[in-house]
2 protein chains.
Amino acid sequence: MKTLARKDQIRLKAQMLFRERGYSATSMRDLADELGIEAASLYNHISSKEEILQGICFGMAESFFAAVEPVTLSALDPKAKLQSALEAHLRVIAENSDASAVFLHEWRHLGEPFLSDFKLMRRRYEKLFVTLVEEGIARDSFKKMDARVVARTILSATNWTFESQKTSKSDGDATIQQIAELLVEGLIRR
Amino acid sequence: MKTLARKDQIRLKAQMLFRERGYSATSMRDLADELGIEAASLYNHISSKEEILQGICFGMAESFFAAVEPVTLSALDPKAKLQSALEAHLRVIAENSDASAVFLHEWRHLGEPFLSDFKLMRRRYEKLFVTLVEEGIARDSFKKMDARVVARTILSATNWTFESQKTSKSDGDATIQQIAELLVEGLIRR
DNA sequence: TTGGTTTGCTAACAAGCGTTAGTTAGTGTC
DNA sequence: GACACTAACTAACGCTTGTTAGCAAACCAA
């Protein structure tokens, strides 16, 4: 199917541009230029600018859940579980850094009702990590602390770490484990 | 001086809007509406939209340096120094959360040559923290680790922590110390 | 009272925005 | 060879953008 190929091409370039310049500062003509076609031609493949953003944001939400949720249901001990979840989270970001940046920064330009849906999803995702921390505390594996603050701090640290640094796939895996371990070991150990 | 008062009012509202909607998605008419005047009237006080952004970004850069640089020159031991620097950094963010969000996210919409100047400043600021970590490692106060990774992780964690949560001035100070301690204790202790 | 400064207004500009309409050339299918 | 589909085009739409010009009322200093 060539249709899908072209649509995916659009999405790929859009991810790049939305990340670099932001959603609002990226015009359909910019995007079209990048693909070597006219702006109007884009509408043979997509139905609106916002549709592209929706695809990116909710697509990434799915990826994050698909990677992390299974880990939270596994039978690992709290510390290993949290670290695995974190590594899964980091891997999704590393493997898709443009889309992740858009997911993290540009979602506010979604219109309703998508905006509300997105916020809800985001909350649910954060909750996964909060629960992992709470579990660890309850089972006396982690020191006693505000689970929400810690979970948020951890996610914040991970999200920004990949913001500015290019992630070459060679050192990516090492770095991921290094960061996850650093955070878990440091912030959680009792 | 009433001129300054009005100009500051503009900057204040601009900070709010730039933070909420982003620089590009905020129009001069939006900003004027918020102040109860016409868009054209803004130009009696400022000379361009970008000038407002410049004022915010470089103003905050100054604030951050003014707060943190003295600490780095003090005679505290490495751990106390890093923690104090972090608290200073967090205090600037907490006391000026709108402007900080703009400083952190919207600087890329600066035009040249300001963009390059800004990036340079940012590097210099990050370097302050990297140096603090390096000092601690050299003096054997911190465990051996990649100073750049740790410094970046710490800053990332702080920057995002205040992103989504309203900082009431009452619990602000407690939270700041709590977070700074958490990060320093956790990530740095040998 | 005069004259300047401050702060607002209305009207308008050219450029850029997302998007639609209508068309056309190429491609694969019966 | 006829037909539908794909993917591009040109032209244009109504609207919004940042910004400028010219003007008027209010205030303050001399």
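Chain naming here is simple, since letters A, B, ... match the order of the sequence lines and numbering starts at 1 in each.
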*Give a yes/no on whether any side-chain N or O of S27(B) is located under 4.0 angstrom from OP1 or OP2 of dT16(D).*
no

_Just the rounded figure in Å: distance from C1' of dG8(C) to CD1 of I46(B)._
15 Å

_Need one value for S41(A): base, sugar-phosphate or nothing, where a base atom within 4.0 Å counts as base even if backbone is also close, heavy atoms only._
base

*Between C1' of dC17(C) and OH of Y43(A), the distance in whole Å*: 9 Å

*Rounded to whole angstrom units, what separation is found between the CG atom of D33(A) and the P atom of dC9(D)?*
11 Å

*Rounded to whole angstroms, how far apart are CE on M28(B) and C1' on dT20(D)?*
13 Å

*asked:* What's the separation between atom CD in Q83(A) and atom CG in L90(A), rounded to the nearest 0.5 Å?
replied: 10.5 Å

*Taking the nucleotide of DNA chain C with the closest heavy atom to each, which residue, E50(A) or A40(B), is nearer the 5' end?*
A40(B)

_Checking ring pair (Phe, Tyr, Trp, His ring centres under 6.0 Å) between Y125(B) and each of F103(B), F118(B), F64(B), which is the one that passes?_
F64(B)

_Could you check whether any side-chain N or O of T26(B) sits under 3.5 Å from a backbone N or O of G22(B), counting only pairs where one atom can act as donor and the other as acceptor?_
yes

*So, S24(B) and R21(A): side-chain donor and acceptor under 3.5 Å apart, yes or no?*
no

_From M28(A) atom CE to I10(A) atom CD1, the distance as rounded to the nearest 0.5 Å_ = 7.5 Å

*Looking at the side chain of H45(B), which of dT10(C), dA11(D), dG8(C) is the nearest nucleotide?*
dG8(C)

*Under-3.5 Å donor-acceptor pair between R29(A) side chain and dG18(C) base*: yes

*Rounded to the nearest Å, what distance is computed from the CD atom of residue E51(B) to the P atom of nucleotide dG18(D)?*
15 Å

*L42(B) CG to dT10(C) P: how many Å, rounded?*
14 Å

*May I have the distance from K7(B) (atom NZ) to dG8(C) (atom P), rounded to whole angstrom?*
14 Å

*asked:* Between P on dT6(D) and CD on E38(A), what's the gap in Å once rounded to a whole number?
replied: 22 Å

*asked:* At 4.0 Å (heavy atoms only), tell me whether T26(A) reaches a base, stays on the sugar-phosphate, or touches nothing.
replied: sugar-phosphate

